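Input: a single structure, listed below in structure tokens.
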2 protein chains.
Amino acid sequence: MTHLDSLLEGVSGRRLRLARGQIIYDEGEPSGLMYRLESGCVRLQVNGENGDRQIIAFLFPGELFGFCLDQRNTSAEAVSDVEVTRFMTRMVLERSVARPDVVIELINRSSALYGVLAHHVEKITHLPSHERLIWFFNWLLRHAGGDGDASGVIELPMNYRDIADFLSLKPETLSRALKQLEDTGYLARRGQRTVVLRQPSVTLPLRPGDQLVAQADSPPG
Amino acid sequence: MTHLDSLLEGVSGRRLRLARGQIIYDEGEPSGLMYRLESGCVRLQVNGENGDRQIIAFLFPGELFGFCLDQRNTSAEAVSDVEVTRFMTRMVLERSVARPDVVIELINRSSALYGVLAHHVEKITHLPSHERLIWFFNWLLRHAGGDGDASGVIELPMNYRDIADFLSLKPETLSRALKQLEDTGYLARRGQRTVVLRQPSVTLPLRPGDQLVAQADSPPG
DNA sequence: CGATCAATTGAAATCGTTCAACTGACGTGG
DNA sequence: CCACGTCAGTTGAACGATTTCAATTGATCG
């Protein structure tokens with residue numbers, strides 16, 4: 001992660017502020033510019049024909065995106081107010097001739113992104129709604145977790161609709177799944193932008209009727 | 001596509017034959033080798049915890065895969081008997097220092113793969129079963145289409161289970177969807193490894209009761 | 001403080017899944 | 001060359017998770 005950050009320092013980049021909701025680039029546009037996210041959260045997405053939207057990835061500070069030489073194959077939008085540094089892809093490549101490690105780092109990041117997406121697909125196609133959520137929150141905890149994993153406190157930079165479109169659920173389903181997880185004690189909500197995981201990184205064996213917190217205080221029978 | 005093929009000629013590669021079903025590499029393994037597919041069909045996949053499997057991509061002759069420097073983030077398996085040329089990733093990279101266009105081509109291919117997967121996700125999460133199939137067949141026609149698109153004839157290198165796992169359907173659902181498409185006249189089957197699309201690249205507005213072939217020969221009313 | 005958009009809740013409908021049984025294709029060995 | 005076993009694909013019926021539609025509550029920002 002830190003490798004490339006220093007390397008790109010040698011490439012002239014322009015620092016930009018973008019407001020929440022702003023489109024950074026749109027699918028089909030010619031490429032040429034790439035970005036490093038400095039603060040905030042960005043989403044990559046595919047906009048379907050019927051107004052459907054699939055969010056492919058949430059990006060967090062330190063991550064690079066838009067590294068591509070022909071047409072944009074996804075759209076990028078600001079989830080929150082963000083700061084990015086914008087580079088000309090051409091210049092990054094020129095620099096990489098002198099510094100092979102830049103190429104290596106770019107490749108590593110590309111294949112990492114691919115792997116994340118691959119697993120994302122596997123999860124959203126094979127897990128029921130509430131397990132998708134648990135998986136998502138644990139993933140957030142590991143990635144966006146500035147606070148440290150142990151506490152289980154997650155500040156959500158995105159709204160529920162974004163989460164729904166990331167997990168391929170309807171907002172109503174997300175809402176119900178959240179409630180169920182809250183009721184069963186897997187998580188607690190503080191406002192609707194903060195979630196507290198009770199058991200971070202648990203692979204939950206949740207079946208209808210199971211109760212997590214109940215163990216202590218619900219009388220048997 | 002042809003760009004890189006000539007470039008890799010300069011890198012020593014070993015030609016291999018692999019039998020159908022053989023694992024080329026497995027998720028979690030250290031990387032170091034990359035491949036060009038010469039003949040046959042390869043699948044990239046993620047194997048879920050419950051024995052579930054999500055096929056991420058089908059690859060066809062000319063395509064590169066396994067371009068990655070740390071751990072494998074997906075598995076690769078031979079869908080049919082295949083021939084591949086195996087390269088040491090390190091040597092490809094060394095070559096790329098002298099030839100910047102190699103880097104560019106590798107980047108293009110990586111981002112193309114990412115885009116394909118992104119759209120794949122969008123489709124399998126937003127389309128009903130029979131439209132996924134139509135989309136898949138049209139996609140096959142464009143990619144594996146050695147015959148030329150116009151005829152609509154598709155030789156399937158993979159079995160129905162592979163297709164089901166690619167489209168995130170159960171075999172039963174796939175079977176039923178296929179039958180429905182056959183009945184409504186969108187496609188015909190010759191054996192179970194050949195499919196003929198009646199209207200290649202149609203965005204079908206199929207609703208229960210609609211008939212495609214009926215227009216010409218079914219009397220009104 | 002009101003307007004607007006996001007999130008919640010309920011009830012009904014739908015599509016895909018599940019389970020189970022059956023059919024068909026294919027390859028092996030007699 | 002045929003019989004058999006095995007595995008892939010098919011079909012039916014019941015089930016269930018998610019979606020849909022509709023109405024309500026709740027947040028957020030001028």
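Here the structure is a predicted model, which means the values were calculated and not measured. Chain naming here is simple, since letters A, B, ... match the order of the sequence lines and numbering starts at 1 in each.
- The nearest whole Å value for the distance from the CD atom in A/Q180 to the C1' atom in C/dG10 is 16 Å.
- Salt bridge annotation for A/R20-A/D81: absent, with no cationic side-chain nitrogen under 4.0 angstrom from a carboxylate oxygen.
- Across all strands, B/R189 comes closer than 4.0 Å only to sugar-phosphate atoms, never to a base (heavy-atom distances).
- The side chain of A/R193 places no N or O atom within less than 4.0 Å of a non-bridging phosphate oxygen (OP1 or OP2) of D/dT28.
- Each of B/L174 and A/E172 has a nearest nucleotide on DNA chain D; the 5'-most of these lies closest to B/L174.
- Taking only side-chain atoms of B/R176, from C-beta outward, the nucleotide of C/dG16, C/dT9, D/dG12 with the closest atom is D/dG12.
- In the set C/dG16, D/dG9, D/dT20, the nucleotide with an atom closest to the side chain of B/P128 is C/dG16.
- Comparing atom distances between the B/L169 side chain and each of D/dT10, C/dT17, C/dA7 picks out C/dT17 as nearest.
- Closest contact between the side chain of A/S129 and the listed nucleotides D/dT11, D/dT18, D/dT10 involves D/dT18.
- For C/dG16, neither phosphate oxygen OP1 nor OP2 lies less than 4.0 angstrom from any side-chain nitrogen or oxygen of B/T173.
- With rounding to whole Å, B/Y160 atom OH is found 14 Å from D/dA8 atom P.
- Using a 4.5 Å heavy-atom cutoff, the side chains of B/I56 and B/L117 are in contact.
- Between the side chain of A/T125 and the backbone N or O of A/V121, at least one donor-acceptor pair lies under 3.5 Å.
- A distance below 6.0 Å separates the ring centres of B/H120 and B/F166.
- OP1 or OP2 of D/dT20 lies within a sub-4.0 Å distance of a side-chain N or O belonging to A/K170.
- When the P atom of D/dT20 is taken as reference, atom CG of A/N50 falls 11 Å away, rounded to whole Å.
- Rounded to an integer number of Å, the gap from CZ of B/R132 to C1' of C/dC15 is 10 Å.
- C/dC26 atom P lies 13 Å from atom CG of B/N159, rounded to whole Å.
- Using a 4.0 Å heavy-atom criterion, one finds that A/Q192 contacts the sugar-phosphate atoms exclusively.
- A cation-pi arrangement is absent between B/R86 and B/Y35 under the rule of less than 6.0 angstrom and at most 45 degrees off the ring axis.
- Rounded to whole Å, atom C1' of D/dT18 lies 13 Å from atom CG of A/L133.
- Taking atom CD of residue B/E182 and atom C1' of nucleotide D/dT11, one finds them 14 Å apart after rounding to whole Å.
- B/R20 has its CZ atom 11 Å from the C1' atom of D/dA8, to the nearest Å.
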